[in-house]
Amino acid sequence: MQVAGTTPARITGTVKRLRLKGDETVLEVGCGRGVAADLLCGGLTTGRMLAIDRSSTAIDAAARRCQPHLASQRLQLVHTDLEHFSTPEQGFAIAFAINVNLFWLKAAAGLDVLRRTLLPTGRLFLAYEAPPGQAYRKIMQAVSANLTAGGFEVEAIEEAQSDGQPLIVRARLA
């Protein structure tokens with residue numbers, strides 16, 4: 001696991017806000033090099049995590065970083081994009097993504113997949129590193145509108161409190 005001081009604030013801030021107890025089933029969309037997966041899996045007890053990314057290079061890097069979690073079967077990595085992701089059953093308590101622009105650009109297909117894979121009580125967390133100026137307001141408006149159109153209810157939008165901290169949109173199935 002990386003030392004918190006070397007891990008980007010957008011990742012540590014997001015992981016902290018998920019407030020995992022350790023027994024949840026978690027889906028990460030766009031896992032990149034596996035930094036968040038490494039942090040989260042270290043706190044899982046009976047829970048499990050599945051992380052996806054559309055980049056094979058990212059999945060390979062995540063596999064190297066998270067080898068102990070893969071070996072313990074707390075983590076599974078899948079090379080796919082969200083629109084083509086399929087899981088045999090509905091069952092994620094939490095889904096999250098960090099800096100994935102899909103949710104403010106073309107979100108419909110991805111949100112449809114998330115509606116099918118989240119538990120009825122599941123939560124979706126979308127985190128974005130706040131861009132300079134007021135650009136984040138347009139992003140948050142687009143994300144909120146897409147979530148609502150996609151069958152989700154926006155529970156809260158938490159704005160960044162300091163540099164590097166993420167903006168968080170918290171949603172649940174409507």
Side-chain angles (χ1 to χ4, degrees), residues 1-55 57-82 85 87-100 102-103 110 113-130 143 147 152 154-173:
M1 180 184 307
Q2 281 197 350
V3 178
T6 61
T7 302
R10 70 182 178 277
I11 295 174
T12 56
T14 301
V15 167
K16 197 180 300 184
R17 285 186 173 119
L18 296 178
R19 293 180 186 91
L20 295 181
K21 296 177 286 180
D23 61 351
E24 298 89 349
T25 52
V26 180
L27 171 65
E28 181 179 10
V29 177
C31 67
R33 297 177 41 225
V35 177
D38 191 27
L39 289 172
L40 282 173
C41 287
L44 290 178
T45 52
T46 59
R48 63 180 174 79
M49 180 173 181
L50 191 145
I52 66 172
D53 201 290
R54 64 184 181 171
S55 164
T57 302
I59 290 294
D60 291 345
R64 286 189 298 277
R65 175 186 300 274
C66 299
Q67 186 55 45
H69 307 304
L70 292 167
S72 71
Q73 298 183 350
R74 281 189 306 267
L75 175 64
Q76 180 183 1
L77 297 171
V78 177
H79 173 220
T80 187
D81 58 20
L82 180 58
F85 172 65
T87 184
E89 59 187 85
Q90 183 180 38
F92 292 101
I94 295 173
F96 77 98
I98 301 172
N99 284 347
V100 174
L102 165 78
F103 298 103
V113 170
L114 288 174
R115 267 195 327 277
R116 292 191 313 268
T117 60
L118 277 173
L119 291 168
T121 57
R123 295 289 187 267
L124 174 61
F125 292 79
L126 303 177
Y128 295 93
E129 191 167 17
V143 168
L147 286 169
F152 286 81
V154 174
E155 292 183 315
I157 297 176
E158 302 173 28
E159 294 191 17
Q161 299 298 310
S162 63
D163 287 345
Q165 289 295 317
L167 298 160
I168 303 282
V169 179
R170 229 178 37 232
R172 64 181 175 86
L173 294 169

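With rounding to the nearest 0.5 angstrom, the CE atom of M49 is 8.5 Å from the CG atom of L77. Rounded to the nearest 0.5 angstrom, C31 SG and R65 CZ are separated by 10.5 Å. Taken to the nearest 0.5 Å, the CG atom of L118 stands 5.5 Å off from the CZ atom of F152. Between T14 atom OG1 and L167 atom CG the span is 9.5 Å, to the nearest 0.5 Å. With rounding to the nearest 0.5 angstrom, the CG atom of L70 is 12.0 Å from the CZ atom of R64. Distance CZ/R116 to CG/L173: 12.0 Å, rounded to 0.5 Å.
Taking every heavy atom of both residues into account, E24 and R19 meet most closely at OE2-O, 4.4 Å. For the residue pair L114 and A95, the shortest heavy atom distance occurs at CD2-CB, 4.0 Å. Residues A37 and C66 share a closest heavy-atom pair of CB-SG, 4.1 Å.
Within a 6.0 Å radius of CZ in R170, other residues, nucleotides and ligands contribute more than 12 heavy atoms.
Of the possible donor and acceptor atoms, none in the side chain of H79 sits under 3.5 Å from a partner among the backbone N and O of I52. The closest donor-acceptor contact from the side chain of T7 to the backbone of T12 lies at 3.5 Å or more, if one exists at all. T25 contributes a side-chain N or O that, together with a main-chain N or O of G91, makes up a donor-acceptor pair within less than 3.5 Å. A distance-only check finds a donor-acceptor pair linking the side chain of D53 to the backbone of G32 [under 3.5 Å].
Under the side chain to side chain donor-acceptor pair (under 3.5 Å) criterion, N99 pairs with no residue, sequence neighbours left out. For K16, there are no side-chain contact (heavy atoms from CB on, under 4.5 Å) partners, not counting sequence neighbours. Residues satisfying the salt bridge (charged side-chain N to carboxylate O under 4.0 Å, His left out) criterion with R123, sequence neighbours excluded, are E155.
V154 pairs with exactly one of L147, V143, L124, L126 by the side chain to side chain contact (heavy atoms under 4.5 Å, CB included) rule, that one being L147.
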I would like to know whether T117 and F85 meet side-chain contact (heavy atoms from CB on, under 4.5 Å); could you show each step before the answer?
-> CA-CA 10 Å; T117 60; F85 172 65; 4.1 Å; yes

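The side-chain tip of R48 points at the ring of F92 from less than 6.0 angstrom away and within 45° of straight on.
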